[in-house]
Amino acid sequence: MIGLLPALKVLEPSNTAQLILGNYTNVLSALGAAIAAGVGTSVHKHVRAHRQQTADLQTTVDRLEKEIKQLSKQIADSK
């Protein structure tokens with residue numbers, strides 16, 4: 001069995017392959033830890049809050065545009 005170990009040396013991945021696979025392993029490990037820590041739910045809460053703020057801002061802009069149109073019409077009618 002020990003005599004087969006040198007023959008298995010050809011199956012060893014190259015240094016580049018080891019580096020790439022090691023980086024993937026580190027990234028997946030960090031992603032798993034983040035998910036376990038609940039970071040995903042925090043991000044989703046922030047995204048939801050941002051979408052609500054955007055919707056509120058759009059409502060305000062629409063209301064202001066309506067007011068501007070009404071004022072423009074009043075000014076035009078008064079002339």
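Positions are given from 1 along the sequence.
- Taking 4.5 Å as the limit, some side-chain heavy atom of Arg48 sits within range of a side-chain heavy atom of Lys45.
- The distance from the CD1 atom of Ile75 to the CD1 atom of Ile68 is 10.5 Å, given to the nearest 0.5 Å.
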Handout entry: Chi angles and distances behind the side chain to side chain contact (heavy atoms under 4.5 Å, CB included) call for Thr54, Gln58
Key = CA-CA 6 Å; Thr54 302; Gln58 186 61 51; 5.6 Å; no

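- Atom CG of Asp56 and atom OG1 of Thr60 lie 6.5 Å apart (nearest 0.5 Å).
- In this structure, CG in Leu71 is found 12.5 Å from NZ in Lys66, a value given to the nearest 0.5 Å.
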